[in-house]
Amino acid sequence: MKLEKKFDASEAEGRIYRQWEESGAFKAGANSEPGADSFCIMIPPPNVTGALHIGHAFNNTLQDVLVRWHRMRRHDVLWQPGQDHAGIATQMVVERELAAEGQPSRQELGRDEFLNQVWSWKEKSGGEIINQLKRLGASCDWSRNRFTMDEGFHDAVLKVFRDLYDKGFIYRGKRLVNWDPHFETAISDIEVEQVEVNGTLWRFRYSLENSLTYAHPISFDSKGNPSGWEERDYLVVATTRPETMLGDTGIAVHPDDARYETLVGKTVRLPLVGRSIPIVADEYADPTKGTGAVKITPAHDFNDWDVGQRAGLRAINVMNPKAEMTLEGNLEFLDGCEPAPEALTLDGLDRYDARKKIVAFAQAQGWLDGADPDQHAVPHGDRSKTAVEPYLTNQWFVDAKKIVGAAMDAVKSGRTRIIPDQYAKLYFNWLENIEPWCISRQLWWGHQIPVWYDEEGNQYCALSEAEARAMAGGRVLQRDPDVLDTWFSSGLWPIGTLGWPAETPELQRYFPTDVLVTGFDILFFWVARMMMMQLAVVEEIPFRTVYVHALVRDEDGKKMAKSLGNVIDPLELVEKYGADSVRFTLATMAAMGRDLRLAESRVEGYRNFGTKIWNAVRLAGLNGCRMSQGFDPADNREAVNKWIVGETVRAIEAVDRALDNFRFNDAANAIYAFVWGRFCDWYLEFAKPLIGLGSTERVEETKSTVAWVIEHCLKLLHPFMPFITEELWAVTGERERMLIHADWPQLATAGLVDEQADREINRIIRLVEEIRSVRTQMRIPAGARIQLLAIKLDEASRQSLSKNEILVQRLARVERVEDGGIAPPDSVTISVDWGEFCLPLADVIDVSEERARLAKALGKAKEDIEILQNRLQNPKFASGAPEHVVEETRGRVERRRSEADVLQSALYRLKTGD
RNA sequence: GGGUGAUUAGCUCAGUGGAAGAGCGCUUCGUUUACACCGAAGGGGUCGGGAGUUCGAAUCUCUCAUCACCCACCA
């Protein structure tokens, strides 16, 4: 075995990944024992248009850790991969590409040809994200890769639609929806995000009809009661959206608003339009907002729609799907009014142009009452980033209220567990207030709604046109042109990928799935809907555990987004530091329930960790450390060897416990602390002198133990750092199987933890630390070999010391250890909790410095003793605290006392010796 | 406006009732034949402020401050 000084990740990663793939290591059930438990994770399918961002890297690292861990435990593992067809995103990408290449537009191509273009784009560019996941080391069963527009998946989607339709959970209706004028489609509530804008609040005067006037209060006394009035023949309304006035069909005032009570039931004349509209009383009007009188535009505002329904006001749509004004020939608009000629010049204008022009008219014609700057939130489409328009159209809805119960019960009863708990709260909160889900989209790329209409407008929901025609008695039918919301199909991801509606073996074996690993940003979009839909369709939960992880944010805590330019490209990090380093970093940052901010320095630190273990293996190799035939760590005689075996077992336990509880960071940190802090820093240094002894039993045992511990380190680390560990696995022995399929260590009950050896070695460690510290403080040259005298030791300590003398000599760089002497004058005293030592250094030490050192240590010890003493003397402590805490405190005070005694007498000696 | 979370070392973050931690950075020393992507020894924190519960609080409660995110809000 010959190893370079460092692991060449860029060379090795591709090669190792190919080995895994070619050997079928990722396949469902690979390495499983007959009759093993199954373990299934569904990947949150990335968009086909997607490029791997740091959030994907994080999400998939956690999944891969779990998957590899279970696979090594020989469970029957399936990690189901796939991509989402991402309706809007993909259609947008392809349209943009067509435009860039000077090709005909979507509309010019027509539906069928455009869809061909999308498919060929998907064939060409849609697999990129898979390659990127592979770079990361993701061990998905790629042979089962699915796409949400696959034929089989498509069939499942249509069947679900029909099932839900037949059960009355899906209906069509003309309702106000959030309309995205850029993509010209409806979107659902949760695809809308509020954006704060600095706008203007305009006030308009609408004339009262029939020569009506009223007294409007304009001044108030100190108590706030009106004291001055003005006679008005108009009513002032305030709006941030003047263009919607064209569709006004009423004015609402609060029923208790004294200012306007004489006006309720009267009418005003709408400027420009000339429509006569009523003043109605409605609780919605808030006397403290605006002027207290609010214009009502039922067709372009959700609240106004409700008011309109209550007051019987008409809803007049004044825009087309592009959010341009449509007035000419708009029968609804023209009905019952004669617009001024100026009004018709607005026809066809974009809503914002119309807004400007209307304000200009108002000013010119004297009905602009005023304007004030106003900051308010405007709803925007989350993909188009343009302001959405409440818009009255025919759409399909899932009556979510009818299917939400089972989804809530499943979590309440604990059949599905959401962790951390806080997200369960969020989940309930959203489901309790759920609104109908608008699932139709006026797009082409997606699952076309399986409904046909006859000439009379009757609808037939069927899985095929032939079936629909049969239902319609052979009438001429036309298919609904709309497609389904992408989240409708991804809501079926668990059963859809496992072959439903067929009764496949995979469905039998892996459903319900075990864990869903996801970010909280799609808790509503995806998780809640999967719960609802799976339960509605197959009456079974889709997963037993939902692990919700943090979002990766930039250094300012902002969500990373291309538009913000704060994206960290995980592949750049992979190229620079290797996939293992990136994975390990992400795992250590997976503390539950928090956002995480990524600092590149940490990736570098964990890259160094990889190099560290690489070199530990090198050291072992250079010393010919191999496990001897039939080596059993339980037979070890040497205390250090027993000790490190016990530490290994503890590390394994810590990792298992952490992963059982999805504490990825605890698992990663436990491995790190063990491999670097225990194994490399201490054990390997102990092993060096032992191995140097020549060919004895002690040497063989130590060499075997080194190899044994390394093997366990590689196994423990493999789920986190699969590449470097697989590489080292191959060079450290003749292997029957690759590490990915090696047996996860199960040693909890093997009785390998030896308390006696632990105590012994921990004592040695403390002594070495103390000697090193003193050496530095006394500025003893590192190369200088000095003598160590044991002054006061009990019999047990004396034995531990003599057995491990060689370790102390080497690590503390002392020449020999002499026992039972009396401290010579001007020596340096070393006090540990198990004995007193000294370094005779009369010619080297500065007595006053040594005195200061001792005094400082003594002071600290006395301080501690006092604190602990007070605690023990408090009767409430003795009675209130648990037994073991009291015991521990007693032990601590004892140890500190014996240390203090040593320091005290050393100080005394120095003084008298002076 | 409603909700959730955060505030711990210079920076990025762990730690949820019993001795303040990690990585990076900083200081000093080091060619001890695995590793300078290293080793050794250090410095650095009244755990955002205040009050309370408790024998004991970074941890639980209340309160204030600041920040972030989610939901609602286009008069």
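Side-chain atoms are counted along with the backbone in the values below, which use heavy atoms only and exclude waters and symmetry mates. These numbers come from a predicted model, not from an experiment. Letters go in sequence order (proteins before strands), and every chain restarts at 1.
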From the candidates B/rC35, B/rU4, B/rC73, the one with an atom nearest any side-chain atom of A/Gln422 is B/rU4
Sugar-phosphate, base or nothing in reach of A/Asn623, heavy atoms under 4.0 Å: nothing
When all nucleic acid strands are considered with a 4.0 Å heavy-atom cut-off, which category describes A/Val237: base, sugar-phosphate, or nothing? nothing
Once you round it to whole Å, what is the distance between C1' of B/rG56 and CZ of A/Arg871? 7 Å
Taking atom P in both B/rU46 and B/rA41, what distance in whole Å separates the two? 25 Å
Need to verify one output field. Residue with the more 5' nearest nucleotide on RNA chain B, A/Val192 or A/Arg892? A/Arg892
Within the 4.0 Å limit for protein heavy atoms, which parts of nucleotides 36-43 of chain B are touched? Write it as a string from 5' to 3', B for base, S for sugar-phosphate only, - for none. -BSSSSS-
A/Asp369 CG to A/Leu235 CG distance, which is reported to the nearest 0.5 Å: 10.5 Å
Applying a 4.0 Å non-hydrogen cut-off, can you work out what A/Asp286 is touching in the nucleic acid: base, sugar-phosphate, or nothing? base
Within the 4.0 Å heavy-atom criterion, would you say A/Val388 contacts the bases, only the backbone, or no part of the nucleic acid? base
Of the listed B/rU32, B/rA34, B/rC74, the closest approach to the A/Asn615 side chain comes from B/rA34
At less than 3.5 Å, do the side-chain atoms of A/Thr240 and the base atoms of B/rC74 form a donor-acceptor pair? yes
Nearest-Å distance once atom P is located in both B/rC13 and B/rA72: 28 Å
Scan A/Ala878 against the nucleic acid and name what it touches under 4.0 Å (heavy atoms): base, sugar-phosphate only, or nothing. nothing
Nearest-nucleotide pick for A/Arg895, side chain only, options being B/rC69, B/rA34, B/rA19: B/rA19
Touch class at under 4.0 angstrom, heavy-atom based, for A/Arg203 against every strand present: nothing
Between A/Thr889 and A/Ile190, just flag the one whose closest nucleotide in RNA chain B comes earlier from the 5' side. A/Thr889
Considering only side-chain heavy atoms of A/Lys876, which listed nucleotide, B/rU12, B/rC55, B/rA19, is closest? B/rC55
C1' atoms of B/rC64 and B/rG56, separation to the nearest Å: 26 Å
Is the phosphate of B/rG15, meaning OP1 or OP2, less than 4.0 Å from a side-chain N or O of A/Arg663? yes
Give me the ring orientation class for A/Tyr672 and A/Trp676: parallel if the planes are under 30° apart, tilted from 30 to 60°, perpendicular past 60°. tilted
Considering only the C1' atoms, how many Å lie between B/rU16 and B/rU54, rounded to the nearest integer? 16 Å
Mind checking A/Phe664 for me? I need base, sugar-phosphate or nothing, with any heavy atom below 4.0 Å counting as a touch. nothing
Rounded distance in Å between the C1' positions of B/rC26 and B/rU53: 41 Å
Is there side-chain contact between A/Ile771 and A/Val768, with heavy atoms separated by less than 4.5 Å? no
Between A/Glu769 and A/Arg766 (salt bridge meaning N to carboxylate O under 4.0 Å), is one present in this structure? no
Spacing of A/Asp248 atom CG and A/Thr297 atom OG1 [to the nearest 0.5 Å]: 4.0 Å
Check every strand shown and say whether A/Pro379 touches a base, only sugar-phosphate, or nothing at a heavy-atom separation below 4.0 Å. base
Taking atom C1' in both B/rA14 and B/rG2, compute the distance separating them and give it to the nearest angstrom. 31 Å
From B/rG18, B/rC74, B/rC73, nucleotide with atom closest to A/Phe877 side chain: B/rG18
May I ask you to test the A/Leu714-A/Thr732 pair for a side-chain heavy-atom distance under 4.5 Å? yes
Touch class at under 4.0 angstrom, heavy-atom based, for A/Gly290 against every strand present: sugar-phosphate
I need the CG-P distance between A/Asp382 and B/rC71, as an integer number of Å. 10 Å
Cationic N near anionic O, under 4.0 Å, A/Asp306 to A/Arg310: no
Side chains of A/Trp614 and A/Glu727: does their closest heavy-atom pair fall under 4.5 Å? yes
Can you tell me which nucleotide in B/rU16, B/rC73, B/rA19 comes closest to the side chain of A/Gln194? B/rC73
List the residues meeting salt bridge (charged side-chain N to carboxylate O under 4.0 Å, His left out) with A/Lys6, not counting sequence neighbours, and say none if there are none. none
Check: A/Thr291 and A/Tyr260 side chains under 4.5 Å, non-hydrogen atoms: yes
Categorize A/Arg810 for me: base, sugar-phosphate, or nothing, with a 4.0 angstrom heavy-atom threshold over every strand shown. nothing
Taking it one step at a time, do A/Arg871 and A/Asn874 satisfy side-chain hydrogen bond (donor to acceptor under 3.5 Å, both in side chains)? CA-CA 5 Å; A/Arg871 196 177 297 170; A/Asn874 184 341; over 6 Å; no
RNA chain B stem ranges, 3 or more consecutive Watson-Crick or G-U pairs under 3.5 angstrom: B:1-7 with B:65-71, B:10-13 with B:21-24, B:26-30 with B:38-42, B:48-52 with B:60-64
N-O pairing of A/Glu193 and A/Lys385 below 4.0 Å: yes
Proximity to the side chain of A/Glu685 - top-ranked nucleotide from B/rA34, B/rG5, B/rC74: B/rA34
With P as the reference atom in both, quote the distance from B/rG23 to B/rU63 in angstrom, rounded to an integer. 38 Å
With rounding to the closest Å, how many angstrom separate the C1' atoms on B/rG5 and B/rA9? 23 Å
